[in-house]
There are 2 protein chains.
Amino acid sequence: MALTWVSEHNGHMLSQSAMSSAPPTHPLLARLQHYVQFADDERASLEALAAGPVITVRQRRDLAREGDKARGVNLILDGWAFRYKTLEDGRRQIIAFLLPGDLCDVHGYIHRELDHSTGAVTPVRYVEIPRERIEALVALGPRVAQALWWDASVSASIQREWTVNLGQRDALERLSHLLCELVHRLRAVGLADDNRCDIPLTQTDLAEATGMTPVHVNRMVQELRARGLIRWKGRAFEALDLDRLCNVAMFNPAYLHLDREGRHLDAT
Amino acid sequence: MALTWVSEHNGHMLSQSAMSSAPPTHPLLARLQHYVQFADDERASLEALAAGPVITVRQRRDLAREGDKARGVNLILDGWAFRYKTLEDGRRQIIAFLLPGDLCDVHGYIHRELDHSTGAVTPVRYVEIPRERIEALVALGPRVAQALWWDASVSASIQREWTVNLGQRDALERLSHLLCELVHRLRAVGLADDNRCDIPLTQTDLAEATGMTPVHVNRMVQELRARGLIRWKGRAFEALDLDRLCNVAMFNPAYLHLDREGRHLDAT
DNA sequence: CGGTCTATTGAAGGCGATCAACATTCGTGG
DNA sequence: CCACGAATGTTGATCGCCTTCAATAGACCG
């Protein structure tokens, strides 16, 4: 139990303080700071997003279902979730993984109904951010507004990369690529310690995300183990040789846009 | 030559006026009106977007390459293009098709470099819309602003559906689904007459979009022909039985969000 | 009219699916 | 704390969708 994923009992601030030496922030802010440095008031407003009434969902339950009426934007505080779509005959595809700090899409602003579902992997704590709240943030100035754009834009970029992954890479490459992405994204929110992190996904989850069968996922995991690239027991994942894993996957982290592209907007 | 795709010689207005009885508009406006009804001044401003200096790209040339410095948002006036990404070893995945009326993503606003390329299928005419132009549009009020959000949101939704397509559907379903999507999107901009339209894609293009080999695309096309679902000769495509084609593909048009979701915002 | 691009067809092989056990871990309640 | 059942992970054997390779036909263009 010691190093497992944060549960409902210990909040996200706990897991944060263990990871980073910077002043503890919630994971969205950690991520946005990869784009731009905020002024104090901006940081405070972003910080305050996590203050709203927190909703908790039990593991393996849905946060929202296809066809539901869309409410505001959701901010994941801790836990893992995924977006998925189901075909008429029951086949299911995981479309995206949602990690702490992820804003679930702006969809809710525009569309009346969700065209996909969201399911919790672990227990998930999140807040619903009403639209006025976002508008108030944007009103703080271009720095925050563009940071939110950056966030939405990165999500779109990830979705494009998933398209490439499913269309062009073979099974081993596909799995490796997903793992590389997760490690990089977890690092961005302070949830990966070097090359080690908790990945609470089952092999069935991985199968639904990579478009293969659970059986074949298992074989690919073992292949990666046999090549000395990863160690993975329960939730405890470690990339023993991340460089080689990235090579296998032909992983190019550029699409995650984690290189402070908004530097020119930095607060002094 | 009579019914082939609009070329550089006959502008887009020509092709428009042939399709719809409504007052001729450019294809972006046609599409946005699936979301909301605009007031006259809004319509005029959107109309004026197409007035800027038109850039023409020859067929099978790139509009932009991965790594290029991002400029403004591009609006396709006529012709077909696609976004694609290339792996180190040369494999290529088409990520999205860009049809007349499509705004090429807002990417340019935020990111310094493109993380993907855009290639022209046919000769393409487009305009670069500078950011101030967009800001001026948004300043017209919430109707236009939300329509632009809707547009971006639909693009994201399409990208999610492509993820499902590549991950879960088999070759025949995948191809059918792509064809259904194209027919529906072409209709939305007045470029499909009932179940007939020009599709200027080669089977190699389809292969790169669906993650299969050109050889197998050919076999699937023939399968659809044999089942009496489609007729396709050169660019002239016809869905002989669109309902059955949609069934084969398990195509649900909801993700295209073409049902006037912004109705409540309509100008009187 | 020759050259290139695209479509088409055939044959063989492989990647990943499918089916079927079995092992192991985990959650839960007795 | 143990016992039970369910969920997850693992392994093997077989099958088939799709790839690969190769050759030909047709379409289009300069």
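Every chain is numbered from 1, with letters handed out A, B, ... down the list of sequences. Fair warning: this is a prediction, and the values are worked out from it, not measured in the lab.
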Residue pairs fulfilling ring pair (Phe, Tyr, Trp, His ring centres under 6.0 Å) with at least one residue in residues 193-221 of chain B, sequence neighbours excluded: none

Give R60(B) one of three labels, base, sugar-phosphate or nothing, depending on what nucleic acid heavy atoms sit under 4.0 Å from its own. nothing

Within a 6.0 Å radius of atom CZ on R231(B), are there more than 12 heavy atoms belonging to other residues, nucleotides or ligands? no

Atom CZ of residue position R71(B) - does it have more than 12 heavy atoms of other residues, nucleotides or ligands inside 6.0 Å? no

Flag the pair Y255(B) / H177(B) as yes when their ring centroid distance falls below 6.0 Å, and as no otherwise. yes

Between R169(B) and A249(B), what is the shortest heavy-atom contact and its length? NH1-O, 2.9 Å

Contacts to DNA chain C from residues 88-96 of chain A, heavy-atom cutoff under 4.0 Å, which residues? none

Expected string for nucleotides 18-26 of chain D under the B/S/- scheme (protein heavy atoms, under 4.0 Å, primed atoms plus P, OP1, OP2 as sugar-phosphate) is BBBB-----

Check for a donor-acceptor pair, side chain of D62(A) on one end and backbone N or O of R65(A) on the other, with a separation under 3.5 Å. no

Begin with the C-alpha distance, continue with both residues' side-chain angles, and end with the deciding distance and a verdict on side chain to side chain donor-acceptor pair (under 3.5 Å) for W162(A) and E181(A). CA-CA 10 Å; W162(A) 278 47; E181(A) 176 182 308; 3.1 Å; yes

Atom pairs and distances, donor-acceptor, side-chain atoms in residues 92-99 of chain A, under 3.5 Å, two or more places apart:
{"residue": "R92(A)", "atom": "NE", "partner": "E208(A)", "partner atom": "OE1", "Å": "3.1"}
{"residue": "R92(A)", "atom": "NE", "partner": "E208(A)", "partner atom": "OE2", "Å": "3.3"}
{"residue": "R92(A)", "atom": "NH2", "partner": "E208(A)", "partner atom": "OE1", "Å": "2.9"}
{"residue": "Q93(A)", "atom": "OE1", "partner": "Q168(B)", "partner atom": "NE2", "Å": "2.9"}
{"residue": "Q93(A)", "atom": "NE2", "partner": "E208(A)", "partner atom": "O", "Å": "3.2"}
{"residue": "Q93(A)", "atom": "NE2", "partner": "A209(A)", "partner atom": "O", "Å": "3.1"}

Give me the first and last nucleotide of DNA chain C, going 5' to 3', that has any atom under 4.0 Å from a heavy atom of chain A. dG16(C) to dT25(C)

Side chain S117(B), main chain E66(B), donor-acceptor under 3.5 Å: yes

Between T122(B) (side chain only) and W80(B) (backbone N and O only), is there a donor and an acceptor less than 3.5 Å apart? yes

Between C1' on dT8(D) and CD1 on I199(A), what's the gap in Å once rounded to a whole number? 16 Å

For R83(A) versus C104(A), what's the shortest heavy-atom pair and its separation? NH1-CA, 4.2 Å

Cationic N near anionic O, under 4.0 Å, D89(A) to R91(A): yes

Can any side-chain N or O of R244(A) pair as donor or acceptor with the backbone N or O of R227(A) at less than 3.5 Å? yes

Rounded off to whole Å, could you give me the CG-to-P distance for the N218(B) and dA27(D) pair? 14 Å

Using atom CG of L206(A) as one end and atom P of dG9(D) as the other, report the distance to the nearest whole Å. 8 Å

Give me the bend of the helix from dC1(C)-dG30(D) to dG30(C)-dC1(D), using the axes of the five pairs at each end, rounded to 10°. 50°

